[in-house]
Visitor: 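Sharing a structure, written as structure tokens. Questions coming.
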Amino acid sequence: MKLPKAYEPSSYEPQIYALWETSGAFASTGQGEPYSIVMPPPNANGNLHVGHAYMIPIEDILIRYHRMQGRDTIWIPGADHAGFETWVVFEKALEKEGKSRFDFSREQLYKMTWNFVEQNRGSMELQLRALGASCDWSRLVFTLDKKVVNIVYDTFKKLWDDKLIYRGERLVNYCTKHQTSFADIEVEYREEKTPLYYMKYGPFELATTRPETKFGDTAVAVHPGDKRYEKYVSQTVTVEGVNGPFEVQVVADEMVDPNFGTGVVKITPAHSFDDWEVAQRHNLPMKVVIDREGRMTEATGRFAGMTVMDARKAVVKALEEKDLLVKVDKGYKTRIGHCYKCDTVIEPLPMKQWFLSVKPLAVRAKQAIEQGDIKFIPTQKGKELARYFDELKDWNISRQIPWGIPIPAFQNENDPDDWIFDTQVDQEKITVDGKKYKRDDDTFDTWFSSGQWPFITTDYLQSGDLSRFYPNSVMETGTDLLRPWVARMIMLGLYCTDKIPFDDVFFHGLILDERGQKMSKSKGNVINPMEVIGEFGSDALRIGIVMNRSAGQAQAFSTASVIAGRNFCNKLWNIARFIENVAGEEGQSVKTLLEVNPQTPTEHWVLQRLDQARIRLDDHIANYRFAEAVETIYHFIWDDVADWFVEASKAAAGHGKLSARPEFLNHVLGLCLRLAHPFAPFVTEAIWTITHEDDSLLISQPWPDPQPFDKEKAAEFDQIRGLVSEIRYVVTELPASKKYDLIYRDDTLIADQTDLIKSLANLGSITKVDQVRGLRVATAGREAWLDLSAELVYDHQIKLERRLADTRAEITKLEQRLSNKNYTAKAPASLVEESRTQLEEKKELETRLVTELNVISTK
RNA sequence: GGGUUGUUAGCUCAGUUGGCUAGAGCAUCUCGUUUACACCGAGAGGGCCGGGGGUUCGAGUCCCUCACAACCCACCA
């Protein structure tokens, strides 16, 4: 088949992907050393974003590369039920229909959400295909699949039996709109202006931003060293309040800043995280005054039923009326937590939750990190994580949304403290040993189940056929998931399997918009990867996003780089077109890929370059330097293959000479496609399948072996390149209307490669002469002259003079360096030797330049 | 307040354990329609490597310090 003139990604990519998928190329082979990646599961019913457009190519590069290396490779895709995110979307859809979650039972809600997800599912899977993800779709795991739930229950049971699960009342970040608690990391804090009210408070005066919580006060705290209030500590004082007098204890606690406000703090254990801590330390009672709807409770008397904000106004007014308000600082600023979805102010509320005692798990995880059992890229992330394990608090694993894995626990109807583990979560009530139990309606925190992802997806605990892929070779994820996810995978992985879940962790940074701003819907600066693919192609996006980017750094998206990627694909395409044409003219077919040994210097040279590129790619990929790897393949293909090798092959192509042997061109093309395939899978595969008449696929080809080339021969071509570059440099400055001639004497390389040099340097002729004239091609160090008129030579004089000055400056520098005894004594011998050689070369060049200038001036 | 990262060409970024004249892409300038490619070719220009100090024969790279930016954690009653 013939290659069409231009590469149109959109007309090849879908078919190419379908070819791969139907051929079974994505499946593990069962042969060789296992190499595995488990994909961080994208939201099942969402769309991919640019973050995925970075994550997927990286993982795909690793997978394709190792697959070609002959490893037994698997990339397991996943789909996330995305507990909270999906829930919000679903609830909005419900609201549109004029319904609410309160109209349905939990079972109904779960089923409805399931159907909702099913309906909206599929787009992210299509988008993964558009990105070229060579993952094994037959292994796709959904985070609510039965097997996931079963393992999560086993883990919960194991933790339960190990007494690491407990029911505790804790202050939680509670969103009164979503009726759910949040992990600390899910709360968005913002600095805001909020009035600071100074009020009379028994014998004290104190400041608070939340006067409405006054009814929940059970103490006041002062700093232990604060002389002003020393005498009150441990006393009970009577406070006149808006609802009449009440009593509180006075405690001394370090958390109080004696310099802030009046140095006195009212303690409301039920509605403030700090106060909660103080209450724990001093055994203080707790009084709840705000309910889950965000309204004041009966305990607040006449304020009951008011919203928090209304109550605040009403209480302030009441304080004023009772002359208890001293002053108001209206300019006070503080950080207030908001629900990251609906922006409602987060209320700290005490609630019964399931907790996991993380200490024993964290200690083990930290130890593993400190022993270096896991390789982190970038390295600092490991240290960050080790510190995090020190300060990790017990993990609240309950969530109050129906869309998730139900917690398999039941409560005795007659004894609230009697909880049993049971997996019959489809039953609202069960009877065990004659006692009636009621199901807990909470679901697990998403991270509790996804924290087990590496061994769930590989069926490790079930010794399934994928268990050889655990631990995973590498976990590739975003820096933002270091704590919520990676930390948990390590803890739970060690706890459940006694193994670290992955050998390496690679963190990719956030992708910012073109101006370095964080992307957000509200800013309207979100880049849709599918649009980029539509415009430039999938390979272009992959290359553009991987190049100019390093691990763990938040960096801007760059359309220019995507364009570079597109151009690269086009370059590859056209190299293939050229080779196809030559092969066609010569009657050669590309059907078979035979090993073809190099003959000419050009051929030796290109194999040398190819080998060097291969070695560098191996090294870059082994060290997760993807941007450098892309740069390596880009420049090898463009500079070495297109600009030198292909150009050089033209010199002989028209002469029926063998230096442009079509079979060798084909051979090189095949090697290039293989090297480039992990980075630009679509275009390389398109070229492969079009130029090969058999039904082989590039995706399944082996990575190139070391190449047979002769260094000496390759060096000859380097000599030619030097000469050609020099000629081009000189000729560029000359009038462009005509071709120039080269003359030489006693130069076998030039004699042997006349056609090549003539073609590459675009010369009129190359002739051997006895008497030279014109301008010597000075820097290349060959016996060659450009046959120029005296005027042209004279015009070039200035350039030569400048070059001479530069050369002399370099000589001075080198001489200074070498005359420094400290340098010659302390620097490595090889380096000093290098400097010496360099000096020699520069001096030779100087001599040639001087001679040439003398010749010019005497003319 | 604590921590992390960053500050290199007009823009976006590389620069691996300190070592040759600090690189790339895009952009800019000059020349060029040589039948693979104008999504091209040949060539060029452009950098007090954020400021200051130090260690070293040698610093973009290590140390100190300052400035600015981003992010994370904690705290702010």
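Note that these values count all heavy atoms, side chains included, but never hydrogens, waters or copies made by symmetry. Each chain gets a letter, A, B and so on, in the order the sequences are listed, and its residues count up from 1.
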Visitor: Among residues 536-546 of chain A, which ones have heavy-atom contacts with RNA chain B below 4.0 Å?
Guide: none
Visitor: Take atom P in B:rC66 and the same atom in B:rG2, then report the distance between them in whole Å.
Guide: 12 Å
Visitor: Using atom P in both nucleotides, what's the gap between B:rC62 and B:rU5 to the nearest angstrom?
Guide: 11 Å
Visitor: Going by modelled atom types, is there a donor-acceptor pair between the base of B:rC13 and the side chain of A:R549 at under 3.5 Å?
Guide: no
Visitor: Does A:E628 have any side chain to side chain contact (heavy atoms under 4.5 Å, CB included) partners at least two apart in sequence or in another chain, and if so, which?
Guide: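 Side chain to side chain contact (heavy atoms under 4.5 Å, CB included) check on A:E628 returns A:H620, A:R625.
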Visitor: Base, sugar-phosphate or nothing for A:A556? Non-hydrogen atoms, less than 4.0 Å.
Guide: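 Sugar-phosphate contact only.
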Visitor: Classify the side chain of A:E647 and the base of B:rA42 as holding, or not holding, a donor-acceptor pair under 3.5 Å.
Guide: no
Visitor: Can you find a heavy atom in the side chain of A:V562 that is under 4.5 Å from one in the side chain of A:S558?
Guide: no
Visitor: Can you find a pair of side-chain heavy atoms, one from A:M519 and one from A:L512, that are under 4.5 Å apart?
Guide: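 Side chain of A:M519 against side chain of A:L512, heavy atoms only: no contact under 4.5 Å found.
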Visitor: Report the nucleotide, chosen from B:rA42, B:rA14, B:rU21, that has the shortest atom-to-atom distance to any side-chain atom of A:K842.
Guide: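 The answer is B:rU21.
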Visitor: Provide the distance between the two P atoms, one in B:rU61 and one in B:rG18, to the nearest whole Å.
Guide: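 The same atom, P, in both gives a distance of 11 Å.
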Visitor: Could you tell me whether the side chain of A:L324 reaches within less than 4.5 Å of the side chain of A:Y197, counting heavy atoms only?
Guide: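 Not touching, per the 4.5 Å side-chain cut-off.
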Visitor: Counting only heavy atoms not in A:K381 (residues, nucleotides, ligands), do more than 12 fall under 6.0 Å from its NZ?
Guide: yes
Visitor: P atom, B:rU16 versus B:rU55: distance in rounded Å?
Guide: 24 Å
Visitor: Pick out which of A:V251, A:D275, A:V248, A:D217 makes a side-chain contact (heavy atoms from CB on, under 4.5 Å) with A:L284.
Guide: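 So the option named by the test is A:V251.
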Visitor: Both A:V646 and A:L512 contact RNA chain B. Which one's nearest nucleotide lies toward the 5' end?
Guide: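 Upstream on the strand: A:L512.
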Visitor: Would one find more than 12 heavy atoms of other residues, nucleotides or ligands at under 6.0 Å from atom NZ of A:K383?
Guide: no
Visitor: Please check if the distance between the ring centroids of A:Y634 and A:F679 is under 6.0 Å.
Guide: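 No; A:F679 has its ring centre 6.0 Å or more from that of A:Y634.
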Visitor: All N/O contacts under 3.5 Å from nucleotides 15-19 of chain B to the protein, with atom names and distances to one decimal?
Guide:
residue: B:rU16; atom: O2; partner: A:R625; partner atom: NE; Å: 3.1
residue: B:rU16; atom: O2; partner: A:R625; partner atom: NH1; Å: 2.4
residue: B:rU16; atom: O2; partner: A:R625; partner atom: NH2; Å: 3.2

Visitor: Side chain of A:R483, heavy atoms from C-beta onward: which of B:rA36, B:rC73, B:rU34 has the nearest atom to it?
Guide: B:rC73
Visitor: Please give the distance between the P atoms of B:rG3 and B:rA77 as a whole number of Å.
Guide: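 That atom pair is separated by 23 Å.
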Visitor: Give the nucleotide from the list B:rC37, B:rA42, B:rA77 with an atom nearest to the side chain of A:K571.
Guide: B:rC37
Visitor: For B:rU34, does OP1 or OP2 lie under 4.0 Å from any side-chain N or O of A:K650?
Guide: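 For B:rU34, neither OP1 nor OP2 has a side-chain N or O of A:K650 closer than 4.0 Å.
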Visitor: Could you run down the sub-3.5 Å N/O contacts of the protein with nucleotides 22-28 of chain B?
Guide:
residue: B:rA24; atom: O3'; partner: A:H635; partner atom: NE2; Å: 3.3

Visitor: How far, in whole Å, is B:rG19 from B:rG25 if one measures between their C1' atoms?
Guide: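 One C1' to the other, the span is 27 Å.
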Visitor: Where does RNA chain B pair, written as one dot-bracket string 5' to 3', with Watson-Crick or G-U pairs under 3.5 Å, ( ) inside the strand, [ ] for crossing pairs and | for another strand?
Guide: (((((((..((((.....[...)))).(((((.......))))).....(((((..]....))))))))))))....
Visitor: Would you mind classifying the nucleic acid contact of A:D480 as base, sugar-phosphate or nothing, using non-hydrogen atoms under 4.0 angstrom?
Guide: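 Answer is nothing: A:D480 stays at 4.0 Å or more from every strand.
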Visitor: A:T684 versus A:L572: any side-chain heavy-atom pair under 4.5 Å?
Guide: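 Yes, side chains in contact.
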Visitor: Got a list of protein N/O to nucleotides 4-8 of chain B N/O distances below 3.5 Å?
Guide:
residue: B:rU5; atom: O3'; partner: A:Q553; partner atom: NE2; Å: 3.2
residue: B:rU5; atom: O2'; partner: A:Q553; partner atom: OE1; Å: 2.8
residue: B:rU5; atom: O2'; partner: A:Q553; partner atom: NE2; Å: 3.2

Visitor: Identify the residue among A:K843, A:K842, A:R836 that makes a salt bridge (charged side-chain N to carboxylate O under 4.0 Å, His left out) with A:E815.
Guide: A:K843
Visitor: Given the C1' atoms of B:rG46 and B:rA9, what is the spacing between them in whole Å?
Guide: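 Result for the C1' pair: 6 Å, nearest Å.
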Visitor: On a whole-Å scale, what distance lies between the C1' atoms belonging to B:rA44 and B:rC48?
Guide: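 Per the computed distance, 24 Å lies between those C1' atoms.
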